[in-house]
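One structure is given here, and the rest of the page talks about it.
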Amino acid sequence: MKKEISVYKAHINEFTGAVQTVKEHCEATAALSESFAIEPLKKVVRASGCIHDLGKYQCDFQRRIDGENVRVEHSTCGAIVASEYYGNPASLIMEYCVTGHHSGLPDAGYRNDAPEREPSTMFSRMNRRFESFEAYKNEISLPEISEADLRKLAEFIGRDCSDKDQVIDKFAFITRYCFSCLVDADSIDTGMFCGTMIEERPQADFAECLKRVNERLSSFKSITELQKTRKKLQQQVFDKVDETADIFLMNMPTGSGKTLCSVKFALEKAIRENKKRIIYVIPYNSIIDQTAAEFEATFRGCAQILRHQSSFSYEDAEDKDEDYKTVMKTAAENWDAPFIITTAVQFFESLHSNKRGKLRKMHNIADSILIFDEAHMMPQKFLQPCLQAIAYTTRYLNSEAVFLTATMPDFGRLIRQYALPDSDIKELVTDKTVFGKFDKCKFRFIGELPDEELISRAGKSPASLIIVNRKKRAKELFHKCSGKKYHLSTYMTPVDRNRIIAGIKKELKNLEDEYGDSADIPEDERIIVISTSLIEAGVDLDFFTVFRELTGLDSILQSGGRCNREGKRENAVTYIFNFSDAKRISDDERGNLTRGLLEKYVNVNSPECIREYYDRLFFLKQEDIKRYAMSNFCTRIDGIPFKEYAENFKIIDDNSCSIFVASDDNSRKLLEQLKSTGMVNGRKLQKYTCSVSQSELSTLREQGVVDDYGSGIWCLTNDDYYDNSEGIGFEPKDYIL
């Protein structure tokens, strides 16, 4: 006979022994959830919070919380109550959110799914038998959602949708948003009661930040024609700060000061419109360091900048105290911070995830200014869901977005075609007649070249950059070069790449200090850098000459941004080439498209050429762009496969894998920790990892030079297979034919 339960416990504080009742936790979570939500969703979110832990009224759960070893499923019980007590569409949103509030938003399945179905679905779980949890009726009053409320909710979901597919896509977004409100409220209330969460949050004074940005902009000279033109272009942006739109397009050429211009615009907007935060989204991990350093140097302590990226860990921030690290690590969990820098992968994969840990932050993108740097680099394969996420956030969550790039696709047309037909989109730079003044180099297609001729041509320039499409080719070229040479690719760890980039910067500065802009530099002083595309964006280097293997026009123009970057030299050229070895020429759609444009246009950097490139790339491939919309995975809103969809939404190709290389004392300590415990902080490992393909990993495994020590994290075990100038190898250094 089961003992009578007088207090239904939700949590016990392990430090004090205090008890939080289920009623207290559910009511607190409901109130907090509601405070997070936008007006049309407040009632459904409040109700979700109220019912999410009703399964804890099961007697077996109370035995479990008192220390007995019993397994109890409690999340699904609240979903069953939602289906019985509330009408659709509120009921369906709550069923998804409550069922998944621990394990993640589930695949819906079908309403008649068998309880024992594997893998389980939301409906198979709801069809299971549960121990009675009726005791909740004695303590908790469920919030009412009237028929009028349900009609308003249905109207909100259907607004701006012209067909079933659009309804499915928008419903999925709304459900994830409601889930975010629920699970963040649940985490916060639990953490505060159990003493595992701090109340302090990162701070920023936007007004003071703006003052510092203005001081920085005012410090720049405006003497030369180029400097005056830069200032006029930026002024076009600043003059429109009082205008309203969902999405602003900031098309400015390389070298026109886009980064500071965009952050000044965002700060002005945030102050005028009382936005809660600014979120700066960058395409690569590798360029966050530079952007964060620039902002920190400009703000000078006025803002605690939250960095959220896979390759950065606050635990490794040696210049910060422990309290600061704790505050920032906590804020990274839900983005409760006023100024955030993150990557496009982190941003979009979080918004399309089904997991509690990732979706917690979603509701905090509301009331924000979102800046998408190098916006043209949004992944084509996932373009529709990415554009939808931005369009829905700006239309329904009171945010505004800025798309920032030197090579702007017709985003107005893309957003209206693939996301929201009447999205309010405005150009911030309308007079583009002066763009030509920022053309610091010519682009010239020179056809096929053998390796030796390419290296010979590069060697005639004081400082040359050769960018190729494949890591293996970059390494081969590096071996064939002589003299002062540098190599960059993801075969190398970020630690070594950053060290080599710093060395290149120093070498280029030495050349400038000794020879100025003269091209008459002794042969033994000339340098050649051979790199993959990782050098194209965010790496502030200035070469006399650039050679770029044929690829997409956007990458070629980015490469040109490393040529004569400061505009000091006349007749600078970026050469586009193909390797003469036909077997190595990739059947690359973007490259073939670029080849045609090189033949058609004298200046491929012209707005007309760029527009044609993107029009042909995006509007002739509609099926590819729409492939990963949620509506391609299901046909009804009560059949959304949130889990399956999230597993398929991987912006970075899964064919690559990481190998950890212990190369210094810190990394060797991490390796020992991994070997002894099987666990280690993944973010700490990132700066010591290089990237290889699955077949390359197989090669290393066959040679017995990698081991995962049972952790799933591959580690290099033979130092002869890594060189800090070339990266990982696939045969030992002393290998002799």
Side-chain angles (χ1 to χ4, degrees), residues 29-42 44-46 48-49 97 101 104-105 173-192 197-204 206 246 266-267 269-271 273-282 303-309 312 314 326-372 386 388-402:
T29 301
L32 196 53
S33 298
E34 183 181 27
S35 73
F36 292 154
I38 57 172
E39 188 60 41
L41 300 173
K42 281 187 178 295
V44 69
V45 166
R46 180 179 183 84
S48 298
C97 293
H101 81 268
L105 286 167
F173 177 87
I174 288 171
T175 301
R176 291 192 196 99
Y177 173 80
C178 292
F179 182 79
S180 174
C181 295
L182 170 63
V183 297
D184 195 32
D186 183 24
S187 296
I188 290 172
D189 183 67
T190 301
M192 295 301 292
M197 178 169 288
I198 61 169
E199 293 189 52
E200 189 178 350
R201 289 292 178 267
Q203 301 297 313
F206 284 164
D246 295 333
L267 286 165
K269 277 277 178 189
I271 293 167
E273 299 170 16
N274 197 29
K275 300 297 187 190
K276 293 179 180 176
R277 59 189 55 84
I278 293 170
I279 305 175
Y280 204 98
V281 184
I282 296 175
Q304 292 176 307
I305 298 173
L306 176 66
R307 292 174 57 176
H308 195 188
Q309 63 193 102
F312 180 80
Y314 278 102
T326 301
V327 168
M328 301 307 274
K329 284 189 291 184
T330 301
E333 294 176 3
N334 66 350
W335 283 6
D336 188 2
F339 200 106
I340 301 163
I341 300 179
T342 189
T343 62
V345 171
Q346 184 74 246
F347 185 87
F348 290 118
E349 287 192 359
S350 290
L351 265 60
H352 292 91
S353 177
N354 74 312
K355 294 297 185 185
R356 175 186 180 109
K358 287 192 172 183
L359 279 174
R360 268 190 72 182
K361 63 179 76 81
M362 183 179 177
H363 74 91
N364 275 328
I365 66 172
D367 295 304
S368 300
I369 305 293
L370 313 173
I371 304 173
F372 294 91
C386 289
Q388 285 176 332
I390 297 168
Y392 296 155
T393 300
T394 55
R395 172 60 59 88
Y396 307 119
L397 304 187
N398 194 37
S399 290
E400 295 171 39
V402 181

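Please read these numbers as outputs of a predicted model, since none were measured by experiment.
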**Item:** Gln304 (side chain) donor-acceptor with Gln203 (main chain) under 3.5 angstrom
**Value:**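 Flag set: sc Gln304 to bb Gln203 pair under 3.5 Å.
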**Item:** Expected output: side-chain Tyr177 to main-chain Leu41 donor-acceptor under 3.5 Å
**Value:**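 Not confirmed, Tyr177 side chain does not pair with Leu41 backbone.
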Considering all heavy atoms of both residues, which atom of [X] and which atom of [Y] are nearest to each other, and what is their separation?
{"X": "Phe347", "Y": "Ile365", "answer": "CE1-CG2, 4.1 Å"}
{"X": "Asp336", "Y": "Pro202", "answer": "O-CD, 3.6 Å"}
{"X": "Leu351", "Y": "Ala389", "answer": "CD2-CB, 3.9 Å"}
{"X": "Ser350", "Y": "Lys358", "answer": "CB-O, 3.9 Å"}
{"X": "Asn364", "Y": "Ser368", "answer": "O-OG, 3.5 Å"}
{"X": "Ile369", "Y": "Lys269", "answer": "CD1-CB, 3.7 Å"}

Rounded to the nearest 0.5 Å, what separation is found between the [atom1] atom of [X] and the [atom2] atom of [Y]?
{"X": "Lys42", "Y": "Ser35", "atom1": "NZ", "atom2": "OG", "answer": "6.5 Å"}
{"X": "Glu400", "Y": "Asp246", "atom1": "CD", "atom2": "CG", "answer": "8.0 Å"}
{"X": "Glu39", "Y": "Glu34", "atom1": "CD", "atom2": "CD", "answer": "8.0 Å"}
{"X": "Thr342", "Y": "Arg307", "atom1": "OG1", "atom2": "CZ", "answer": "10.5 Å"}
{"X": "Asn398", "Y": "Asn274", "atom1": "CG", "atom2": "CG", "answer": "9.5 Å"}
{"X": "Tyr392", "Y": "Thr394", "atom1": "OH", "atom2": "OG1", "answer": "11.0 Å"}

**Request:** Decide side-chain contact (heavy atoms from CB on, under 4.5 Å) for Gln346 and Val281; before the verdict, give the C-alpha distance in whole Å, the side-chain angles of both, and the deciding distance to 0.1 Å.
**Result:** CA-CA 9 Å; Gln346 184 74 246; Val281 184; over 6 Å; no
Side-chain polar contacts of residues 178-189 - donor-acceptor pairs under 3.5 angstrom, sequence neighbours left out - could you list them?
unit_1, atom_1, unit_2, atom_2, d
Ser180, OG, Leu359, O, 2.7
Ser180, OG, Arg360, O, 3.0
Ser180, OG, Met362, N, 3.3
Ser180, OG, His363, N, 2.8
Asp184, OD1, Asn334, ND2, 3.2
Asp184, OD1, Arg360, NE, 2.8
Asp184, OD1, Arg360, NH2, 2.7
Asp184, OD2, Asn334, ND2, 3.1
Asp184, OD2, His363, NE2, 2.7
Asp186, OD1, His25, NE2, 2.8
Asp186, OD1, His52, NE2, 3.4
Asp186, OD1, Thr190, OG1, 3.4
Asp186, OD2, Arg356, NH1, 3.2
Asp186, OD2, Arg356, NH2, 3.1
Ser187, OG, Val183, O, 2.9
Ser187, OG, Arg356, NH2, 2.9
Asp189, OD2, Gln20, NE2, 2.9
Asp189, OD2, His25, ND1, 2.7

**Message:** Side chains of Ile305 and Tyr280, heavy atoms from C-beta outward: is any pair under 4.5 Å?
**Reply:**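 No, every pair of side-chain atoms sits at 4.5 Å or beyond.
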**Request:** Just say parallel, tilted or perpendicular for the rings of His308 and Trp335, cut-offs at 30° and 60°.
**Result:**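 His308 and Trp335: perpendicular rings.
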**Request:** Tell me, please, which residues at least two apart from Lys276 pass salt bridge (Lys or Arg N to Asp or Glu O under 4.0 Å).
**Result:**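 Salt bridge (Lys or Arg N to Asp or Glu O under 4.0 Å) list for Lys276, sorted by chain: Asp367.
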